[in-house]
Novice: 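Structure provided below as structure tokens; questions to follow.
Just so you know, ligand 1 is whichever comes first in the structure, and atom 1 is the first atom listed for that ligand. Predicted model, so just to flag it, every value in this text is computed and none were measured.
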Amino acid sequence: MSDSASWTPLHAQLHRTLKVRQLLPSGQRLLVAVSGGQDSLCLIKLLLDLQPKWGWDLAIAHCDHGWRSDSADNAKYIKQLAQFWQVLFYGKTAQQIPKSEADARHWRYQVLSEIALSDDYAYVVTGHTQSDRAETLLYNLIRGSGADGLQALTWCRPLSVEADNNIWLVRPMLEILRSQTGQFCQDQQLKIWSDSTNQDLKYARNRIRTELIPYLQTHFNPRTEQALAQTAELLQAEVDYLEQATEQLYQQAIIFEPNSTHLKINRLILRQAPLALQRRVMRRWLQEILPTSPTFEMIEKLTALIEAPNRSQSDPFPGGAIAKVDGEWIYTI
Ligand SMILES: Nc1ncnc2c1ncn2[C@@H]1O[C@H](COP(=O)(O)OP(=O)(O)OP(=O)(O)O)[C@@H](O)[C@H]1O
């Protein structure tokens, strides 16, 4: 613990989570993503205080999207904090202002990935909370997601799906509420850099946070955030299990045609499997052949071919591929 810090229940909670879940092993180099909001400030302060116990090498990364008039001052503030804490600071400014939240996120993760790769950080750590998890679950539920989207924010995942670079994105605060991070910053007298775009109700996520969750808390369940996060936690284990079973079934049922890029899949093997796995295998197959993510309708059409009469075929998928039934096989042309 640093000199001025005292051990609070939140320190103990994070320490316990890190131990039980083995999220950030001792002695590792950690790149902590700090926006200046209450969650990531709470995260970095807790990690700094726990550092003597774990022996990590900590650094701070801040990404300036440039989309608020106070963006540069925000970045400067984080740099000053890093200097005060004597922690290495990486500040990156977007060359072009991102057009959407999704673009901003994409750029941010790319930047974090590049820093981690070039300066040898095996872990990038973010301040996502239990409240974020609950909101993400609700957001995805309303948009019609399956269990995969509802598991909402996992504790740990590879930072980049494309590159095999062994950098992990870790979210150690998924059991800590936003109300707790706010209280912690206040108790520790940490100045929060408030993000005016967080109040903008044109962003669906903000409306879920400021209107929908409080409504659910008042009228249905005061522990709405915890309950939704718990659902996400349960679904995470179930999705892991289903994905393993899917992979096994896929490998049993699929055949790669020699001298061709075509794949064919065995209907008799798939018929033995439950619908949940049939759908997942078909999604997996479509992910191989389509240029875009498969939709629910596409997966349903392909799944229907498992029981369809011989010579049935699908409508063209994006990119032009068609699936056809030939006896015990479904193949694409
Ligand atoms: N500008 C930034 N610079 C550095 N880290 C950031 C920045 N913005 C967000 N983060 C990191 O990401 C975490 C989540 O932030 P926020 O909820 O605003 O992002 P999000 O885009 O909703 O999340 P996600 O990236 O999972 O979709 C923060 O706690 C912080 O660790």
Novice: Taking atom CD of Q226 as the centre, report whether more than 12 heavy atoms of other residues, nucleotides or ligands fall under 6.0 Å from it.
Specialist: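 More than 12 within 6.0 Å, yes.
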Novice: Tell me which pairs pass ring-ring contact (aromatic ring centres under 6.0 Å, His included) where either residue lies in residues 27-57, with sequence neighbours left out.
Specialist: H15-W54, W54-W56
Novice: At under 4.0 Å between heavy atoms, is it the side chain or the backbone of T136 that contacts ligand 1, or both, or neither?
Specialist: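 Neither; nothing of T136 gets under 4.0 Å from ligand 1.
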Novice: Counting each atom of ligand 1 from 1 as listed, which ones have a heavy atom of Y109 under 4.0 Å away?
Specialist: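 Within the 4.0 Å cut-off of Y109, ligand 1 contributes 24 (P), 25 (O), 26 (O).
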Novice: With a 3.5 Å distance limit and no angle check, can you tell me whether Q236 reaches the backbone of Q151 through a side-chain donor-acceptor pair?
Specialist: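 Judged by distance alone, no pair lies under 3.5 Å.
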Novice: Would you confirm whether any non-hydrogen atom of the protein falls under 4.0 Å from atom 26 (O) of ligand 1?
Specialist: yes
Novice: Between ligand 1 and H128, is the shortest N or O to N or O distance under 3.5 Å?
Specialist: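 Such a contact does occur with ligand 1.
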Novice: In terms of atom number and element, which parts of ligand 1 are under 4.0 angstrom from non-hydrogen atoms of H65?
Specialist: 1 (N)
Novice: Has ligand 1 got any nitrogen or oxygen that is less than 3.5 angstrom from a nitrogen or oxygen of L153?
Specialist: no
Novice: Checking Y77 now: which residues fulfil ring pair (Phe, Tyr, Trp, His ring centres under 6.0 Å) with it, not counting sequence neighbours?
Specialist: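 Per chain and number, Y77 pairs via ring pair (Phe, Tyr, Trp, His ring centres under 6.0 Å) with W193.
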Novice: Would you mind telling me if ligand 1 is within reach of the side chain of R108, the backbone, both or neither, using heavy atoms under 4.0 Å?
Specialist: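 Side chain only; the backbone of R108 stays clear of ligand 1.
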Novice: On a heavy-atom basis, which atom in L112 and which in V124 lie closest, and how many Å separate them?
Specialist: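 Closest heavy-atom pair between L112 and V124: CD1-CG1, 4.1 Å.
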